[in-house]
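What follows is a single structure, written as structure tokens, with notes after it.
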Amino acid sequence: MSVVLSAVSRDPLQYAAWLTVRASGMVALAALTLTVWLGLASAGGLLKRRPQLRGTVGIVHEMLALAAIGALVVHGVSLLFDGWLKPSVLQVLVPFSMSHAPFWTGLGQLAGYAVLLLGPSFYLRKRIGAKRWRSIHRFTTVAFLLAVGHAIGSGTDTGSAWLLLPLLGGTAVAVVLLAIRAARANRRPAPPVRRAAPPRRSGALAP
């Protein structure tokens, strides 16, 4: 708290930048968490018996992904105005180059790039094919786990229960949904084997 008060007394703009970094990071992680939940629930067949919800869930899933991207951009840009970290543009863009907690910050940077690449891939689904898109889109869960590691390792509030408990709870739900999806994939029947057609017989009688 003393750090916050001293930041306010010295330069309110620096305190605003610090708040923006924290708030945008939390919003990005929350939106990404909900996006992963909905994606895994849909892929795991949990919405199979409620087809009327699939359209709504798809729209919400898309909007949350866009919200995560927007918050992520704000998070990265606002870091440039942080008076305590004082990172360069290269440190913000290049993974594992930040002076503060380089490993954990690097995980967040990798997660950010994954989200920026995987989120807009939804609009390329028809062009690249649904099967290939699903294979690529599975890495969203990896990006989520990297983001959680980043939040725990480099966040300023990770020692607080109000942040740590939702992080662990959100991760636990994602792991359960991922397990359900994997179990469903293992139960999926194998495609039937096509047998070769028997040779066509000639209409002429054998001598």
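Keep in mind that this is a model prediction, so the values were computed, not measured.
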Could you check Ile128 against Ile136 for side-chain contact (heavy atoms from CB on, under 4.5 Å), going step by step and ending with a plain yes or no? CA-CA 10 Å; Ile128 65 179; Ile136 296 173; 4.3 Å; yes
Residues which pass side chain to side chain contact (heavy atoms under 4.5 Å, CB included) with Ala143, listed by chain and number, not counting sequence neighbours: Ala114, Val115
The complete set of salt bridge (Lys or Arg N to Asp or Glu O under 4.0 Å) pairs with one or both residues in residues 160-175, sequence neighbours excluded, reads none
Listed partners of Thr171 passing side chain to side chain donor-acceptor pair (under 3.5 Å), at least two apart: none
Is the backbone N or O of Ala43 less than 3.5 Å from a side-chain atom of Arg184, with the two atoms forming a donor-acceptor pair by type? yes
Pairing residues for Trp37 by the side chain to side chain donor-acceptor pair (under 3.5 Å) criterion, not counting sequence neighbours: none
Work out which heavy atom in Ala147 is nearest to a heavy atom in Leu32; give both atom names and the distance. CB-CD2, 4.1 Å
Check side chain to side chain contact (heavy atoms under 4.5 Å, CB included) between His137 and all other residues, then give those that pass, not counting sequence neighbours. His61, Ser121, Trp133, Thr140
I'd like to check the side chain to side chain donor-acceptor pair (under 3.5 Å) partners of His75; sequence neighbours left out, ordered by chain and number. Ser24
With salt bridge (Lys or Arg N to Asp or Glu O under 4.0 Å) as the rule and sequence neighbours excluded, what pairs involving residues 21-30 come up? Arg22-Asp157
With sequence neighbours excluded, what pairs up with Ser97 under the side chain to side chain contact (heavy atoms under 4.5 Å, CB included) test? Gln91, Val94
How far apart are the C-alpha atoms of Leu177 and Val36, what are their side-chain angles, what is the distance that settles it, and do they pass the side-chain contact (heavy atoms from CB on, under 4.5 Å) test? CA-CA 9 Å; Leu177 292 174; Val36 170; over 6 Å; no
Not counting sequence neighbours, which residues clear side chain to side chain donor-acceptor pair (under 3.5 Å) with Ser42? List them please. none
Tell me every residue that passes side chain to side chain contact (heavy atoms under 4.5 Å, CB included) with Ser135, counting only those two or more places apart in sequence or in another chain. none
Pairs where residues 84-131 contributes a residue and the test ring-ring contact (aromatic ring centres under 6.0 Å, His included) is met, not counting sequence neighbours: Trp84-His100
Identify the two heavy atoms, one from Leu40 and one from Ala174, that lie closest to each other, and give their separation to 0.1 Å. CD1-O, 3.5 Å
Which residues pass the salt bridge (Lys or Arg N to Asp or Glu O under 4.0 Å) test with Arg134, sequence neighbours left out? none
Using the rule that Ile, Leu, Val, Met, Phe, Trp and Tyr join whenever any side-chain heavy atoms are under 4.5 Å apart, tell me whether Val74 and Val92 fall into a single cluster. no
